[in-house]
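Presented below is the structure to which this report refers.
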Amino acid sequence: MKKTIQFPEGFLWGSSTASEQIESKGNVVEEGYQKSNWNWMFEQEQEKFFEQRFAENDFWNRYEEDLTIAEEMNFSTIRLSISWSKLIKEDNTTNQKAVDKYREIFKTAKDKNMHLIVCLEHFEIPQVINEYGGFGNRKIIDDMRIFAKAAFTEFGDLVDRWAIFNEALANSAAPMLGIHPSLKENRTFANYLRSLWIIPVAQAAVIEEFKKILPEGKIGSIFVGSKILPRSEEKEDVEAAKLAEMMMFRCYVDPAIKGEFPMEMVEHFKSLDEWPEDVIHEEDFELFKNNRINWVGANYYKPTRIAAEEGEVENFDVTGATGAGSIFTHKRNYKLFTFWAKPGARMNKHRGMEISPETLYARLIDFKDNYGNIEVIITENGMGVSNEDRFRNEEGQIQDNYRIQFFKEHLYWVKKAIDEGANVTGFTMWTYIDNWSWVNAYKNRYGYIELDLETGKRIWKKSAFWAKELHKTNSFEIDEDSLGKELDD
Ligand code: BGP
């Protein structure tokens, strides 16, 4: 049966993106900025990047054009991020050239009436910080204060809403596996555990700086928004999922919203003789208590399913959330948890990811019931598809019906959560123009708008017209019989 799904008045619609993924063409050191961790990794291990490509969108020079597309698509919001390596110089002073450029970009978005969301750290840090171990070293807490302070001071008048991290989970796990940049000698289990503490401390430190400069402002952080699901109701699976929930979600979220770290996780690793004792400083507890966020970003692509470990335990995959499937080798004689793929589940076969909008709904209800019904924006959601050329019609337009259906189903479940009282106020999909995605480079295309890598042209896909209407009417139509069915791809 056809049904119209109507969103509340003032609901924010738009897209998310990230500085490193769109701004530059190649290494920017010659333009007077610091080398980023990604610039360095590309120099060192270009073969790891799909088709050996680095970012080519060139938003730095084409922002006017790209923000005009956003305007034409009736965006009421956009989420950008600031490059740490560009804003801050190696001596920790502010780079005026970057300030001027970001002010131009942010003003352009504001002139187009967009609620401007800006994220501070989206997987990119200066290489000098990566050298000393990044989020595995407490030194980053003070360095991040400096970066945040500069951003709040320079752009506080233009930005409507701030986010501290994008997916802290990836900052902890991916560098340890070499999926994100890191020095081999820094890839230790102890550093991984350290990062589970250091990231929330850095988060609280940034909030402390924020309150001094923008006391009335909106400050949040962006987390992976999947509910963590046990394979079965068996005790072992439930326990494994509980541990995974602490290590992948609660250690970042609980301090930020409740002011308390889940110490059960620390006790667990202490009892195994694994916890790095040097990482906790007494004053951190006060810092957590006094510095909380006032909104949450939830990124959601796929469910995280967890099972108890069986058999061989010496390898540990800490990145099931990214789907990259790499293994972190750490000798141990105790069990942690393992990622589990549900047999027969509906898949986005292009990306090897399960499609399960109900799992986003479950997390939204969790925020309502267990986190004081904090304001939530869905800060990423989307369908990555490779080689979309296959879906081009005679007029040259990509017919991405699968993407339209993907969004309809996720939004259907978001609306259900809203109807049940969840405080969800916006949806910024990933991402309106195809962009570069770390080691996957331009493999998985997520855009409403196609990026032609040969010409740099931005070309509307079918979904862009659908989304333009969605944003205008604040509503869409869905056939309820189509829910949960295979996608038309
Ligand atoms: C998210 C990141 C984004 C983006 C997206 C798609 O986790 O926050 O930065 O890269 O994933 O990633 P991929 O192209 O690997 O599917």
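In listed order, ligands and their atoms are each counted from 1.
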Study note, to complete from the structure: Under 4.0 Å between heavy atoms, the region of Q21 that gets near ligand 1 turns out to be side chain
Exercise for review: Calculate, to the nearest 0.5 Å, the distance between atoms OG and CD belonging to S482 and Q405 respectively.
Suggested key: 4.0 Å
Check your understanding: Is W430 in polar range of ligand 1, meaning some N or O pair under 3.5 Å apart?
Key -> no
Review point. Under 4.0 Å from any heavy atom of N166, which atoms of ligand 1 are there?
Key: 8 (O)
Exercise for review: Could you list which atoms of ligand 1 come closer than 4.0 Å to a heavy atom of R351?
Suggested key: 13 (P), 15 (O), 16 (O)
Revision key, fill the gap. Ligand 1 atoms nearer than 4.0 angstrom to some heavy atom of N444 are 13 (P), 14 (O), 15 (O), 16 (O)
**Study point:** T431 contact mode with ligand 1 (heavy-atom cut-off under 4.0 Å)
**Key:** neither
Point to revise | Shortest reach to atom 5 (C) of ligand 1 by a heavy atom, considering only W438, W436, Y301, Y442 | key: Y301
Point to revise | SB check E450 K457 (cutoff 4.0 Å) | key: no
Exercise for review: Indicate yes or no: does E51 engage K443 in a salt bridge with an N to O separation below 4.0 Å.
Suggested key: no
Review point. Which of the numbered atoms in ligand 1 are below 4.0 angstrom from a heavy atom of S437?
Key: 4 (C), 6 (C), 10 (O), 12 (O), 13 (P), 14 (O), 15 (O)
Revision key, fill the gap. Applying salt bridge (Lys or Arg N to Asp or Glu O under 4.0 Å) to E72 and not counting sequence neighbours gives none
Check your understanding: Does ligand 1 have any atom sitting under 4.0 Å from a heavy atom of H122?
Key -> yes
Check your understanding: What residues form a ring pair (Phe, Tyr, Trp, His ring centres under 6.0 Å) with F391, not counting sequence neighbours?
Key -> Y402
Point to revise | Atoms in ligand 1 with a heavy atom of N440 nearer than 4.0 Å | key: 13 (P), 15 (O)
Review point. More than 12 foreign heavy atoms under 6.0 Å from NZ of K149: is that the case here?
Key: no
Check your understanding: From W84 CH2 over to L120 CG, what is the distance, rounded to the nearest 0.5 angstrom?
Key -> 9.0 Å
